[in-house]
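Residue numbering restarts at 1 for every chain, and letters A, B, ... go by the order of the sequence lines.
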There are 2 protein chains.
Amino acid sequence: MAAPDSRTLADQAFERLQTAIVKGDIRAGEKISEAELSAKFGFGRGPLREALHRLEGRGLIVRKAHSGARVVALTFEELIELYEVRESLEGMAIRLASERMSQEEIDDLKRLMDIHAEQIKEEKGLAYYQKEGDFDFHFRIISGSKNRKLSNMLTGELYHLLRLYRYRLSTFSGRPEKAFHEHWRIIEALEERDGDLAELLMRRHISAARNNLIRKYRDGELQL
Amino acid sequence: MAAPDSRTLADQAFERLQTAIVKGDIRAGEKISEAELSAKFGFGRGPLREALHRLEGRGLIVRKAHSGARVVALTFEELIELYEVRESLEGMAIRLASERMSQEEIDDLKRLMDIHAEQIKEEKGLAYYQKEGDFDFHFRIISGSKNRKLSNMLTGELYHLLRLYRYRLSTFSGRPEKAFHEHWRIIEALEERDGDLAELLMRRHISAARNNLIRKYRDGELQL
DNA sequence: CAGGAGAAAATTGTAAACAATATGGCTGCG
DNA sequence: CGCAGCCATATTGTTTACAATTTTCTCCTG
């Protein structure tokens with residue numbers, strides 16, 4: 001199953017650490033020592049250090065000299081900042097996508113949305129749409145922008161950070177059918193190649209999620 | 001003059017490498033070997049490697065196993081992509097800034113613009129405004145957004161990449177008085193706390209620069 | 001003379017030993 | 001009893017040596 005793995009040990013360590021952080025196996029704020037990781041994952045300290053440095057460059061961990069590295073712990077304010085950046089970037093993403101996505105790609109996206117809709121009806125639960133469906137939708141739009149830098153920033157930084165809190169965020173946001181409807185309106189604008197409208201709707205969509213977060217936090221329903 | 005330097009060698013190597021890359025001492029696309037850098041800067045290979053890994057995480061260099069690291073070389077398409085991201089992010093930045101900048105901060109910015117204006121009149125050259133003035137203006141707006149994540153993405157990633165090409169870009173863009181006027185209109189909207197208008201103007205401003213770039217490139221006046 | 005196989009050289013990847021620093025606990029003094 | 005300072009320990013930073021891989025040059029062959 002495993003390819004001969006021409007990748008270097010540091011590369012493998014980097015990926016495993018990244019997924020471990022993103023999937024929550026290493027909790028946010030948790031301090032991680034090189035020796036500990038070495039024992040846990042079986043890599044030498046050298047490759048591990050290289051991986052840690054790359055993660056530091058990516059902003060997923062913070063290090064302090066002679067003290068150790070910890071997974072970033074977002075404050076509530078930083079989480080909101082992330083949503084502001086998301087609103088901006090995904091707004092641009094769909095603007096570009098409405099110029100650059102082919103009709104086939106749009107049709108594909110619509111089919112995918114139909115599948116998700118059925119799964120909602122079959123009562124596999126709205127929770128499902130919350131997680132995978134929402135992610136699929138946004139991911140396709142981002143790819144559709146055909147802007148690699150934009151995609152990297154969104155999926156390679158913001159989303160990794162957001163995923164750190166996804167399990168806590170996804171459980172409650174509690175507006176799945178509304179979100180589903182908004183997704184469809186965005187797709188309509190996309191198909192009509194109306195970039196202005198699509199951007200407006202997307203920004204409202206993300207802005208609504210952010211406001212929802214703020215409200216929940218003020219009500220004490222959201223712990224960070 | 002030098003503080004006792006509580007920073008680690010790797011930190012120092014990181015900074016020196018980053019400035020060397022940004023300032024053009026190491027040219028874009030140039031391949032850099034660890035031994036070479038070690039001799040040039042006087043750091044051991046260990047700290048250098050750590051610095052390189054962090055730069056890799058930041059996207060300023062790309063590495064290939066057993067082959068070496070090279071400074072990123074942007075294609076023209078990637079440069080345009082950068083401007084698209086900039087338009088989006090700086091649009092959001094000034095929208096936030098028009099809500100969050102204090103009147104004193106705005107006054108400061110206006111004073112700064114006046115100083116730049118005088119320097120233009122004194123014929124220290126429009127070229128000056130091109131470089132420092134433009135940078136100051138955008139930097140203040142970005143700071144004014146009071147969004148650290150946004151600021152980091154803009155100044156810590158995009159601008160470093162753009163600076164790689166600044167000397168080639170700044171020489172010609174050739175619309176300094178127009179840019180100066182646009183800056184003032186943006187500040188007016190900012191002072192009126194009209195976030196919608198400010199964002200619109202900022203996006204047009206950056207979009208115009210991008211289109212200018214595209215035109216020059218098509219005319220063969222811009223080499224990458 | 002062109003092209004490819006193979007070996008040598010150069011470069012990076014990995015590991016291990018050593019040094020420097022921060023952290024935490026202990027002791028002694030106020 | 002509490003706090004300050006010091007010492008022990010654990011952790012990271014740095015260096016050095018070694019292994020693996022890629023690249024390049026050379027030489028042989030068609």
Side-chain angles (χ1 to χ4, degrees), chain A residues 1-21 25-73, chain B residues 1-21 25-73:
Chain A
M1 167 183 171
D5 246 333
S6 68
R7 293 174 311 171
T8 180
L9 285 179
D11 288 337
Q12 301 173 40
F14 175 73
E15 281 192 26
R16 285 198 58 181
L17 273 180
Q18 174 159 308
T19 63
I21 291 173
D25 297 341
I26 303 176
R27 259 172 293 183
E30 187 175 349
K31 83 163 183 292
I32 46 188
S33 79
E34 294 174 2
E36 196 178 328
L37 291 176
S38 180
K40 190 171 181 179
F41 291 100
F43 291 106
R45 237 189 82 200
L48 269 180
R49 282 180 65 82
E50 303 202 352
L52 287 176
H53 281 288
R54 282 165 62 181
L55 288 171
E56 182 187 18
R58 276 218 160 182
L60 272 176
I61 67 175
V62 290
R63 296 187 327 144
K64 197 180 163 190
H66 301 102
S67 164
R70 1 179 41 104
V71 177
V72 289
Chain B
M1 170 180 174
D5 245 334
S6 68
R7 293 174 311 171
T8 180
L9 285 179
D11 288 336
Q12 300 173 41
F14 175 74
E15 281 191 26
R16 286 198 58 180
L17 274 180
Q18 173 158 308
T19 63
I21 291 174
D25 297 340
I26 304 176
R27 260 172 293 185
E30 185 174 351
K31 83 163 183 289
I32 46 187
S33 78
E34 293 174 3
E36 195 177 330
L37 292 176
S38 180
K40 190 171 179 179
F41 291 100
F43 291 107
R45 238 190 80 201
L48 267 180
R49 283 181 65 82
E50 303 200 350
L52 288 175
H53 281 288
R54 282 165 62 182
L55 288 171
E56 181 186 19
R58 274 216 161 183
L60 272 176
I61 67 174
V62 290
R63 297 187 326 144
K64 196 180 164 191
H66 300 103
S67 165
R70 3 178 39 105
V71 177
V72 288

Novice: Output yes when a side-chain donor or acceptor of B/Ser38 lies under 3.5 Å from a complementary backbone atom of B/Gly44, and no otherwise.
Specialist: no

Novice: With a 4.0 Å limit, can you tell me whether B/Arg49 has a side-chain N or O closer than that to the phosphate oxygens OP1/OP2 of C/dG13?
Specialist: yes

Novice: To the nearest angstrom, how far is B/Phe14 atom CZ from D/dG13 atom P?
Specialist: 15 Å

Novice: Please assess B/Leu17 against B/Ile26 for the test side chain to side chain contact (heavy atoms under 4.5 Å, CB included), listing each intermediate value before the final yes or no.
Specialist: CA-CA 9 Å; B/Leu17 274 180; B/Ile26 304 176; 4.1 Å; yes

Novice: Strictly under 3.5 Å: I want the nitrogen or oxygen pairs between protein and nucleotides 5-7 of chain D, one per line.
Specialist:
none

Novice: Using modelled atom types only, decide if a donor and an acceptor are shared between the side chain of A/Ser33 and the backbone of A/Glu36 within a distance under 3.5 Å.
Specialist: yes

Novice: What are the two closest non-hydrogen atoms of B/Ala10 and B/Ala51, and how far apart are they?
Specialist: O-CB, 4.0 Å

Novice: Going by the rule side-chain contact (heavy atoms from CB on, under 4.5 Å), which residues pair with B/Glu15 if we only count those two or more places apart in sequence or in a different chain?
Specialist: B/Arg7

Novice: Restricting to nitrogen or oxygen on both sides, can you table the protein-nucleotides 8-11 of chain D pairs closer than 3.5 Å?
Specialist:
none

Novice: Given D/dT14, C/dG13, D/dG13, identify the nucleotide with an atom nearest to the side chain of B/Leu9.
Specialist: D/dT14

Novice: Tell me whether the OP1 or OP2 atom of D/dT12 has a side-chain N or O from B/Thr8 closer than 4.0 Å.
Specialist: no

Novice: Tell me which residues in residues 40-48 of chain B put a heavy atom below 4.0 Å from DNA chain D, sorted by number, or none.
Specialist: B/Gly44, B/Gly46, B/Pro47

Novice: Side-chain atoms of residues 63-71 of chain B: list all donor-acceptor pairs with protein atoms under 3.5 Å, sequence neighbours left out, distances to 0.1 Å.
Specialist:
from	atom 1	to	atom 2	distance (Å)
B/Arg63	NE	B/Glu56	OE1	3.1
B/Arg63	NH1	B/His53	NE2	3.4
B/Arg63	NH2	B/His53	ND1	3.4
B/Arg70	NE	B/Gly29	O	3.3
B/Arg70	NH2	B/Gly29	O	3.1

Novice: Using the side chain to side chain contact (heavy atoms under 4.5 Å, CB included) rule, take A/Leu9 and A/Gln12 through it: C-alpha gap first, then chi angles, then the decisive distance, then the call.
Specialist: CA-CA 5 Å; A/Leu9 285 179; A/Gln12 301 173 40; 4.1 Å; yes

Novice: Rounded to the nearest Å, what distance is computed from the CG atom of residue B/Asp11 to the P atom of nucleotide D/dT12?
Specialist: 15 Å

Novice: Can you see if the side chain of B/Lys64 gets near the phosphate of D/dT23 - specifically, an N or O under 4.0 Å from OP1 or OP2?
Specialist: yes

Novice: Rounded to whole angstroms, how far apart are CD on A/Glu50 and C1' on D/dT14?
Specialist: 14 Å

Novice: Calculate the interatomic distance between B/Glu36 atom CD and C/dT11 atom C1'; express it in whole Å.
Specialist: 12 Å

Novice: Among residues at least two apart in sequence or on other chains, which ones pass side chain to side chain donor-acceptor pair (under 3.5 Å) with A/Arg16?
Specialist: none

Novice: Provide, to the nearest angstrom, the distance between the CD atom belonging to B/Gln12 and the P atom belonging to D/dT14.
Specialist: 8 Å

Novice: Across the strands shown, which category fits B/Ala10 at heavy-atom distances under 4.0 angstrom: base, sugar-phosphate, nothing?
Specialist: sugar-phosphate

Novice: Distance from A/Leu37 atom CG to A/Ile32 atom CD1, nearest 0.5 Å?
Specialist: 5.5 Å

Novice: Heavy atoms only: give me the nearest B/Leu48-B/Ala13 pair and the separation to one decimal.
Specialist: CD2-CB, 4.3 Å

Novice: Say you draw a straight line from CD of B/Glu30 to CD1 of B/Ile61; how long is it, rounded to the nearest 0.5 Å?
Specialist: 12.5 Å

Novice: Would you kindly give the CZ-to-P distance between B/Arg70 and D/dT23, to the nearest whole Å?
Specialist: 11 Å

